[in-house]
Structures are given as structure tokens and as C-alpha cells.
Amino acid sequence: MFDQEKEYLISQLENYCKQNGLPTGKLEWRAIPFSGEWGIAIPLFPLAAADTNRKGPVPEHAMKLAELMKASLGQPAGFSRVEAVRGYLNFYFLTSQYAARVVDEVIDLNGKHGFAPLSGKASMVEYSNPNTHKPLHVGHLRNVILGGAVCNILEASGKPIIRANYIGDIGLHVIKWMCNYERYHQGEEPGEDKMRWMADLYAEADKRFVSDPEFEAEVRAYFARWDAGDPHVFALWEQTRDWSMQGFLQVYELLGEHFDRIYFESDVEESGKVLVDDLIRRGLAEDGRPENPVIIDLDKMLGTNEEYRVVVVLRSDGTSLYATKEIPLAIMKFDEYDLDKSIYVIDVRQSLHIKQIRKVLELMGYPWAERIHHLAYEIVNLPGNVTMSSRDGTVVFLDDLIREATERAFVIVKEKNPELALETAEEVAQAVALGAIKYPMIARENTKIVTFDWDSALDFNGQSAPYIQYAFVRANSILRRIENQIPEKGGFDHELHPSEVNLIELISRLPEEVQRAARDLKPSLIASYAYDLAKAFNDFYNQCQVIKAEGSTRESRLRLVEASRLTIEGVLKLIGIKAPPLM
RNA sequence: GCCCCUGUAGCUCAAUGGACAGAGCGCCAGUCUUCUAAACUGUUGGUUGCGCGUUCGAUUCGCGCCAGGGGUACCA
């Protein structure tokens, strides 16, 4: 946000280096640990270490250089003072001037603070990837939230994004469902809650499948009819898939997600088989049928040792597998769009598979293969690092989780704010509940396992989304007192309280946080930032009067509250969490 | 065996190679006649798994161990 000032100072200091025979290119900006004053710093250790004329230890020399540079700079415009301390050159802003600038900019941008203009080629992010006819569980939730947040953050950083979803619409799970439906629920149709209905029938089908050999045989026979292209089975498949998709759309709407391009597994199955023939002809794949599958022995071809292993691209009976479909899907994406990157949000257990697919595409001669990127994230486990299993009945369904969380949140909303109208209370409860369950999915690093337990999932206190939402509500509540009539520009000529300085500093840092999160594909950085921001606001709220402040102090603080409100709301939006106007 | 990930306060987690390793939960003690107490203040709590190295400086980078998890030819 202060690029001009930074550039100016760096150029001055680089000049100083040139004139005094010091190495150049060693100066970088750092934050100053917060001390109630607002500033930026340059550590001089790299310069001191690289200085060939250095005598004595680096820290002492860095300190000496800091003092010399401080003397040569004098008093730069826009800064209250320069300080040389412990090997750092610290520059403190003239707070009034900069505070006003930050706040003015944020208010003018009206929710777009932190956003860079879109430019360059689009990237595709594939995420969610559910199977039709099956219920969604907390594992799916992490994927959707993470993928959605990555998209939001990349877009905010200036990158056009295509949100893609690859749906598993064929397979044994689908046939099981259909067979059970035809046998026991013929003619029934889903009600309001399609997801729930599909899920219940799936559970029933699965139970029959494992416990009833007769049913299992029926399913196998049904699968054969599907393979033979039976029109009746096909029609039922289309119908039931559509119900399932409607259910997904309901959930996505609830979660605030949307997709630009939906791919179906069934779209790439045939082309995958054709592609496998091509691979065999080109000598890339070895056809071991009928006894053995069709494989690509990557290690043999590349001369590597247990690095790429073997990819099985077609079963020995000629049916398709994961890789059969992934390869044509990747090609389809690059055929349809001129992509900068193709990002796959898929859990870490599939790392080798994706690495193999990328390598196969490279061997096939596609130059874009290297632009495929796997965003690997860890799974959601139960306490004790126990992986959820449908067989043990330990899977936590998204549906149940959202319902339970919303009910609990509703009780708390009514308790905290009994005057709220029923409808409002329900809306608030939903925003709080969804926020609370989403936040832990995104607030830790992608590579860390999320441990799900009901107690912490339903805990609305502490480091959580409701805490951040509450800060937003408090800001709103102040502004409601003045009927959202935000005072005119300017102000901040009062003695700023440290909590004000801290808050403004955090607000000013959003653009670089967005860039960093986008560069590293780490929404967790934004989640932490959101919490820090809320904490800074609460601190300010507790220490500074706004409505009761006087004159220009009051006006400045009202503007600061507005800037905070906009920033908190925007940052929550980036991580897919709604900010309710009241709680 | 080989590959990948993780290891930081009692628990859950933060920390661009940079200043004193920070939050939340929990424990204990406080703060509502005040802009909403879903908040705030204070207290307690550390051999950053272990060792060696690189560096002016390592939780962060490299190597080697230890522990846990995952992957490793016809599941996805």
C-alpha cells in the first residue's frame, strides 16, 4: 500500500550504498514487531554480511551501517522518525497522514480493498468432485471450502479463474442405488431436501448390498444391463443423476459455492478407452489382456527407480479406471481453455496418481503437462487420528453436521439476542453455524490433518468464525447508531491510540496477504489474518470510544469502523464465510 | 524397501531465514447503569522430536536418526 514511499527510500539507500562502495540489492522491507507505533523496517544484516570492508562481527557492523544510513537520510518526508536499533533501520510513519490515507482508500474501494485488477490467462481449479447418488461428508466439506477459497483468493490476487467440478456419475455406487430404487422404491420422487433423500436411499442400498447376497447378484446383473446400453437403465440413470445434481446444487448454494464448468466421469469414459488404444499403438502402453491389465511402466520407460511406478490404464476385462478417465479429462480442459494453470484440489493420498498422469501427458507430447498442479490437502479424521469409515458407521455426514450446528447456533442466538425476529434469528444461526464448521477446515495448513470432533465443531467461541463475525456485528452496530452516515474524508489528527494504529496497520496489510496466500495457495493465511483483524478490532472497540468521542476524533473513528467493517466482511468472503449484520 | 506428509505450551494450532517463538481452549482471578460480555483484562504454561551442518542469524534451509500417518499394478 505504501509502494511509492518504500521505493523512494530504497532508491535513496541504494544510492548511499553505491557512493560508499557497499554492495547493492541487499535491502528488503520487513514489518516491525508492533510497539504502539506504526512503521516498516530494513534489516541491515545481509548488507553487513556482504560488505567486503567489514571488520568485526556482522551484528555490530549492521548496527554501524544503520546509524550511518540514518544520518545520511535525515528526515524523510512522510515519516515521523527514523531509528537505528539492533541492526535494523526502522521508519515510523506520520500516523495521522497515513491512517487517513489507508482508511480513505478502503472506504473508496467499497469492499474491493485487497483486490488486484484481473489480468493474464485464466487458471482452472477443479474441486468438490463428489459422487452422485451418495451423501456428502465432512471430507467433502474440506475440499469444497478449500477449493472455493483458493478460487476467491486467486481471483482477488488478479488471476481469472474457472471453477470446475468433476462429478463421479458412474460406477458400482450408482448401480447399487438404482437397483435398490427400482426394486423397493419404484416411482418415488425426492421431496424438498433432495440430498437427504438420495443419501437415505444410498445407505439402504449399501446395507442390502453387503448383507443380502441375492441383492448383490441383482446389482451385478443390473450393471451388465448398464454396460450393454439398456435404454431403460440409461433413462433411469439420467433421471436419478439429475436428482442427485439438484441435491448438490442445493448444498452448494447453502455453502455459497458455484461452478463454471461441470465435467462428468461418463463424459470421458469412452474417450478414455479410445485413448488407451492409441497409447498401445504408440508403444507407450503395454497390453496384457486378457490375463493382465493395460499398463504404462513409467519407471521402465524413464529409467527411474520406484519413482513413477506403474500406471494401470485399463482393467484386464477392458473396463475403465481412474487413470483411463483422468487423461482425456486433462486434455479436454486444455482443449477448451487456454489455461495458465490447471489446479487439482484433491487429497494427498492421490499424489502419486496425479504425478503419474502428469508424466503420461508429458510423454504424450503435451507441453502444458507441466502446468498441472496438485493442491494436496490432508484428510479429515476423527479424534485419535482415526479415519472415518462408512463400514464402521463413523462417517460424519455434511447434512447432519449442518443441521446439528444450525440448531445449536439457533439456541445460542435466541439466548444472546432474544429480541430478534424468528426469521432473522434463523438466518443468523445459519451464518454462524456454517462459519463455525467451515473455519477449522481452512484455518490450518493444507498439509495438516483436520481432526473432527463434535464438541469443537460446535464451539462458537475463541479462535473461530463466530468470533470474527461478532467483530463485524459490533462494527455494524456502531454504524447503525449514526444510520450509516459515514463522515467525509480526512481526519485522524487526534492522538491515535495504539489499538487504532494496530488496527489500521493490519487493514493496510491485506493486499500483500492476499498476494502471499495466492502465491502459496494457502487460504490458511487469510483465515489467520481474518482472526487477527477481528482481534484488533475488538481491542480497539474495548479501548476507544467512538460514538461518545468528540469532534474530529469521533468522525475519524467512525471512518475507521467503516473501513474495518468492509475489510472484515471482504476477508470473510474470501474464505467463504458470511458476515451476518447482527447476531 | 522406496516416496510423500506431520512432529512447537497439558490440548488444538500460528509464526516471509530476522528483533523477546505467539493465539485459542483448559485452569485460576477479575470486568456489563457504557457503541451487543459470542467480548475484554490478568495469571499459569517452551530443550520448537533428537543430532550434525549451512548462515551474521534456523521453528523455518540441508543431511542423518526417532516417532506417527499416508501412498506404493487392475478402488478413487
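- Residue A:Lys416 places none of its side-chain N or O atoms closer than 4.0 Å to OP1 or OP2 of B:A39.
- Remark: the A:Asp539 side chain and the B:A39 base include no donor-acceptor N/O pair separated by less than 3.5 Å.
- Among the protein residues, A:Val561 comes within range of no part of the nucleic acid, since none of its heavy atoms lies under 4.0 Å from any strand.
- The nearest whole Å value for the distance from the CZ atom in A:Phe223 to the P atom in B:C75 is 12 Å.
- Each of A:Ser464 and A:Arg30 lies near RNA chain B, and the nucleotide nearest A:Arg30 is the one positioned closer to the 5' end.
- Between A:Arg315 and B:A73 there is no side-chain N or O to OP1 or OP2 distance below 4.0 Å.
- Contact annotation: A:Ser456 side-chain N/O to B:U12 OP1/OP2 distance is not under 4.0 Å.
- When the nucleotides B:C75, B:A19, B:G24 are ranked by their closest atom to the side chain of A:Gln463, B:G24 comes out on top.
- Taking every side-chain heavy atom of A:Asn538 into account, B:A39 is the closest of B:G69, B:A39, B:C56.
- Of the candidate nucleotides B:A23, B:A38, B:C35, B:A38 has the atom lying nearest to any side-chain atom of A:Asn461.
- Nearest to the side-chain atoms of A:Arg444 among the listed nucleotides B:C13, B:A76, B:G17 stands B:C13.
- Between A:Phe537 and A:Tyr541, the two ring planes are tilted [angle within 30° to 60°].
- Note: A:Tyr344 and A:His373 fail the aromatic proximity criterion, with ring centroids not under 6.0 Å apart.
- The nucleotide whose nearest atom lies closest to any side-chain atom of A:Leu525 is, among B:A15, B:U41, B:G18, B:A15.
- Among the heavy atoms of the strands, none lies under 4.0 Å from A:Val348.
- When each of B:C35, B:C5, B:C74 is scored by its nearest atom to the side-chain atoms of A:Thr447, the top-ranked nucleotide is B:C5.
- A salt bridge links A:Lys300 with A:Glu286: at least one charged nitrogen is closer than 4.0 Å to a carboxylate oxygen.
- A:Asn446 comes within 4.0 angstrom of no nucleic acid atom, judged by non-hydrogen atoms across all strands.
- Using a 4.0 Å heavy-atom criterion, one finds that A:Arg516 contacts the sugar-phosphate atoms exclusively.
- Rounded to whole Å, the C1' atom of B:C50 lies 7 Å from the corresponding atom of B:C66.
- Distance noted for atom C1' between B:G7 and B:C13: 13 Å (whole Å).
- If you check the side chains of A:Asn165 and A:Tyr127, you find no donor sitting under 3.5 Å from an acceptor.
- Put simply, A:Arg349 has no side-chain N or O that comes within less than 4.0 Å of OP1 or OP2 on B:G70.
- Looking at heavy-atom distances under 4.0 Å, A:Ala41 makes contact with a base.
- Residue A:Leu89 contributes atom CG, which lies 18 Å from atom P of B:G18 at whole-angstrom precision.
- Aromatic ring centres of A:Trp38 and A:Phe2 lie closer together than 6.0 Å.
- For A:Tyr470, a side-chain nitrogen or oxygen approaches OP1 or OP2 of B:A38 to under 4.0 Å.
- The side-chain heavy atoms of A:Ile379 and A:Val348, taken from C-beta on, include no pair separated by under 4.5 Å.
- At whole-Å resolution of the value, CG in A:Asn385 and P in B:C13 are 10 Å apart.
- Residue A:Phe460 has its side chain nearest to B:A38 when only B:C56, B:A38, B:A76 are considered.
- Between the CD1 atom of A:Ile295 and the P atom of B:U72 there is a distance of 16 Å, given to the nearest Å.
- Taking the side chain of A:Gln350 as heavy atoms from C-beta on, and the options B:A76, B:C35, B:C74, the nearest nucleotide is B:A76.
- Pairing for B:C61 is with B:G53, a Watson-Crick or G-U wobble pair whose two hydrogen-bonding atom distances lie under 3.5 Å.
- Of the candidate nucleotides B:A38, B:A76, B:A23, B:A76 has the atom lying nearest to any side-chain atom of A:His353.
- Remark: A:Lys448 is in phosphate contact with B:G7, judged by side-chain N or O atoms under 4.0 Å from OP1 or OP2.
- Rounded to a whole angstrom, the distance from the P atom of B:G57 to that of B:A19 is 15 Å.
- Separating the C1' atom of B:U12 from that of B:C74 is a span of 41 Å, rounded to the nearest Å.
- OP1 or OP2 of B:A37 lies within a sub-4.0 Å distance of a side-chain N or O belonging to A:Arg474.
- Aromatic stacking of A:Phe45 on B:G57: not satisfied for centres closer than 5.5 Å together with planes under 30 degrees.
- Residue A:Val413 is classed as a base contact, given a heavy-atom separation below 4.0 Å to a base.
- When the nearest nucleotides of RNA chain B are assigned to A:Val432 and A:Tyr541 by heavy-atom distance, the more 5′-ward of the two goes with A:Tyr541.
- Nucleic acid contact for A:Leu582: base, since at least one base atom lies under 4.0 Å from a heavy atom of the residue.
- Of the N and O atoms on the side chains of A:Glu500 and A:His494, at least one donor lies less than 3.5 Å from an acceptor on the other residue.
- Residues A:Cys17 and A:Leu47 have side chains in contact (heavy-atom distance under 4.5 Å, counting atoms from C-beta outward).
- Looking at heavy-atom distances under 4.0 Å, A:Ile449 makes contact with sugar-phosphate atoms alone, never a base.
- The shortest distance between the side-chain N/O atoms of A:Tyr308 and the OP1/OP2 oxygens of B:C3 is not below 4.0 Å.
- Aromatic rings of A:Tyr88 and A:Phe45 (six-membered ring for Trp) have centroids within the 6.0 Å cut-off, being under it.
- The interatomic distance linking A:Asn417 (CG) with B:A39 (C1') rounds to 14 Å, in whole Å.
- Computed from coordinates, the A:Leu279 CG to B:A73 P distance equals 20 Å when rounded to whole Å.
- Of the candidates B:G71, B:A19, B:C56, the closest approach to any side-chain atom of A:Arg309 belongs to B:G71.
- As judged by a 4.0 angstrom heavy-atom cut-off over every strand, A:Ala48 is placed among residues making no nucleic acid contact.
- For B:C74, its base sits under 3.5 Å from the side chain of A:Ser316 at one donor and acceptor pair at least.
- For the 3.5 Å distance criterion, the side chains of A:Thr319 and A:Asp317 qualify, holding a donor opposite an acceptor.
- Taking atom CG of residue A:Asp299 and atom C1' of nucleotide B:G71, one finds them 14 Å apart after rounding to whole Å.
- Counting non-hydrogen atoms under 4.0 angstrom, A:Tyr467 reaches the backbone sugars and phosphates but no base.
- Note on A:Ala475: nothing from the nucleic acid sits closer than 4.0 angstrom, heavy atoms only.
- Among the heavy atoms of the strands, none lies under 4.0 Å from A:Glu60.
- Heavy atoms of A:Pro440 sit nowhere under 4.0 angstrom from any nucleic acid atom.
- B:C75 sits 50 Å from B:A39 when the P atoms are compared, rounded to a whole Å.
- Rounded to an integer number of Å, the gap from A:Lys535 NZ to B:A39 P is 10 Å.
- Heavy atoms of A:Pro33 sit under 4.0 angstrom from at least one base atom.
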